[in-house]
Amino acid sequence: MTVRNPSSPRARPDRSPHPLQGRTTATLHVVLVLFCAWHVAIVVSFYYANQVFTHDVGHDNYMLYNTWHEGRFFWSIVYDVPHFAQHFTPTHVLLVPLHALFRSMLFLPVFECLAAASAAWAVAWMFDGIVRRRRRMKRWGLSPLGLAAGVLYIATPSVGSLLMANHYESFVVALGLWTLAALVNGRRVLFWTLLVLTLGCKEDIPLYWAGFGVWWILFGWGDRERAPVKWWAGREKTRLPLRRRVLLGGSILVLCIVWALVAMAVMRATAHAYGVDPANYSRRYGWMGSTFVERLEPLSRYPVLLALPPLWAWFVLLPEVLALPLVAPATLLLLVPGAYVMGLADSPPQQDLMFYYSYPFLPFLCLGATLGLARLADCGTRRPWRRRLRAGLTILVLLASAVLMCLTTRTEDRRRVLERQTQRHTRIRMALREYIPPSASVTAQYDLLCQIPFRPGVHPLSLKNLDRSEYLVFDFRGLQGDILLPGMTGRPEGDKILKRVHDWIEAGKARVVFEEDDLFIVRRLEPPRDLSH
């Protein structure tokens, strides 16, 4: 029998990682990298198959191009005014040097995809920050269960829709998740820096983060030793003192209010300077009334309108994250502001959270999911049993992620598979480069804005833009379809456009320089009306 010397120090329990933990962590990192690469490949394949949403991608690319090449700050080729008259996006100014470096139409969709996919590691960091209760990260880095939560994030249909819609709301989600992860891990300087960058992605973002500020005042948790993981033990219910919760949450709220006022002022001043009406997206809520007071009347008359948007948002979004936020029910309140903004609009894509319209929900949805998962993982007191529980949760989350990856997204019900490139698509790009001089101005339809190499003057196809360019491009078999069909194009003037072009050709004022596979390139023989906008 071995007798321990009473004066010798008590042996500390072995807290080294399980032998499989390091290999599992490395494997999950590889899985996340492969997921990112796969989504980038999908974006590139959509571009070369001319199936990408090139109106938005082309428009956003030309804003950056006009800034660094033409000296017209964030000039919009759609509205013929600076972009800040329509949206307040100062964070995107940081993309100008990168765009000037790469000089490719693929830069934005690929960079947006990488940014949104990178947030998977933010989710893993956020989960570990909650479980570790802000203690220093161990040598072996992120935990397998945290990385599994990151895999679940990138596998959700909402994130898939975001990655395939190619819009700048991807930066809202990516920066928002890194912001929350920095807060959970006690990196306050990084938190405030990322929060400012997040608010600068779009003018409506302060609304959702103001809601987070109020939520933090009510439910803000933990100090450097505690976080709300266990909810059944009284000693774990310790929260930040009210004064400290009000200080942080109130600061977030004040910053969001000031930012929103600055955004509205800049947008109105820019629109007034160029003699255009400022963007007024409140028209989407015109069915409720023309003024704020009138819009409150339907809500008071039909109180069910107050309950339906949050219930619908929870019904749609919670299954994507395995209903994990129900384990941390207070986080469901963070989805309410976005639910009203999307649910009360008369725009079907907003109501159904199609394309990128789930962007105000995803950061807070992931916060609720990671907090719920952390609570489940912290059940029990015996370390071996808890280790087995976390291993089981990791397997369960990964299996669910595999199923979610196979589901259709809400971007036109597309699946995450590569798009097949045809010889016609290759021939189109070759014709656009061969038959249109680099210095010529071009008017092109919806799905060709991103296929035409950068030009000093590019205009979307419309009746008013026909005589503004030297070359006109039509594709009757493109993503947009036949421009004669108003239901396909959204432009009932398609027949007038074709008639005017036909009259020019008959009168000798224009000629067809390329005609093949329903692609037409027409050169006008008269000088354009306005090359410099």
Side-chain angles (χ1 to χ4, degrees), residues 45-59 61-62 65 77-78 80 104-106 166 412 419-531 533:
S45 71
F46 277 16
Y47 173 81
Y48 283 108
N50 201 21
Q51 294 295 310
V52 74
F53 292 87
T54 51
H55 182 274
D56 292 334
V57 173
H59 172 262
N61 266 291
Y62 267 103
Y65 171 82
I77 63 175
V78 174
D80 279 339
S104 171
M105 282 287 183
L106 274 171
N166 306 126
E412 297 185 340
E419 191 72 26
R420 188 174 65 89
Q421 179 184 354
T422 65
Q423 292 183 353
R424 182 176 185 271
H425 299 139
T426 304
R427 182 57 180 159
I428 287 176
R429 279 188 294 277
M430 292 177 59
L432 294 175
R433 285 162 173 78
E434 292 176 4
Y435 290 91
I436 301 177
S439 59
S441 55
V442 186
T443 292
Q445 70 188 66
Y446 176 91
D447 50 320
L448 293 176
L449 288 177
C450 207
Q451 299 295 338
I452 299 173
F454 287 114
R455 294 288 188 272
V458 171
H459 310 284
L461 180 64
S462 65
L463 197 60
K464 69 174 184 177
N465 287 335
L466 278 184
D467 57 351
R468 298 182 63 181
S469 301
E470 300 171 76
Y471 286 82
L472 311 174
V473 183
F474 306 90
D475 180 13
F476 290 92
R477 290 167 53 189
L479 177 65
Q480 177 174 294
D482 191 341
I483 65 172
L484 287 174
L485 299 177
M488 294 293 293
T489 66
R491 297 189 179 96
E493 59 195 30
D495 54 344
K496 298 180 182 178
I497 291 175
L498 293 184
K499 183 178 184 304
R500 179 176 295 184
V501 174
H502 181 266
D503 292 343
W504 284 346
I505 295 174
E506 290 291 325
K509 297 179 180 180
R511 64 184 179 89
V512 178
V513 297
F514 181 84
E515 177 183 354
E516 184 179 317
D517 288 338
D518 289 331
L519 176 71
F520 293 85
I521 300 178
V522 179
R523 179 185 178 186
R524 296 186 64 242
L525 302 179
E526 292 183 340
R529 172 172 56 88
D530 178 21
L531 275 176
H533 294 78

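Note that these values count all heavy atoms, side chains included, but never hydrogens, waters or copies made by symmetry. Note that the structure is a prediction, hence the values are computed from the model and not measured.
Between the OG1 atom of T422 and the CD1 atom of I428 there is a distance of 7.5 Å, given to the nearest 0.5 Å. Atom CG of residue D467 and atom CZ of residue R500 lie 6.5 Å apart, to the nearest 0.5 angstrom. Here L461 contributes atom CG and L448 contributes atom CG; the two are 9.5 Å apart, rounded to the nearest 0.5 Å. In this structure, CD in E434 is found 10.0 Å from CG in L432, a value given to the nearest 0.5 Å. We find the CZ-CG distance between F514 and L519 to be 5.5 Å, quoted to the nearest 0.5 Å. How far CD1 of I452 is from CD1 of I436: 5.0 Å, rounded to the nearest 0.5 Å.
For the pair E526 (side chain) and A510 (backbone), a donor-acceptor distance under 3.5 Å is absent. In terms of modelled atom types and a separation under 3.5 Å, the side chain of S441 and the main chain of E470 share a donor-acceptor contact. A donor-acceptor pair under 3.5 Å links the side-chain atoms of R455 to the main chain of P437, judged by distance alone.
Screening residues 507-523 for side-chain hydrogen bond (donor to acceptor under 3.5 Å, both in side chains), with sequence neighbours left out, gives no hits.
Every residue two or more places apart in sequence or in another chain that forms a side-chain contact (heavy atoms from CB on, under 4.5 Å) with T426 is listed here: Q421, R429, M430. Here D503 pairs with K499 under the side-chain contact (heavy atoms from CB on, under 4.5 Å) rule; sequence neighbours left out.
Within a 6.0 Å radius of CZ in F520, other residues, nucleotides and ligands contribute more than 12 heavy atoms.
Closest non-hydrogen pair, P460 versus T443, comes out as O-CG2, 3.8 Å. Summarising the geometry of Y62 relative to L449, their closest heavy-atom pair is CE1-O, 4.0 Å, with the distance given to 0.1 Å.
L498 is listed as a side-chain neighbour of F474, based on a closest heavy-atom distance under 4.5 Å.
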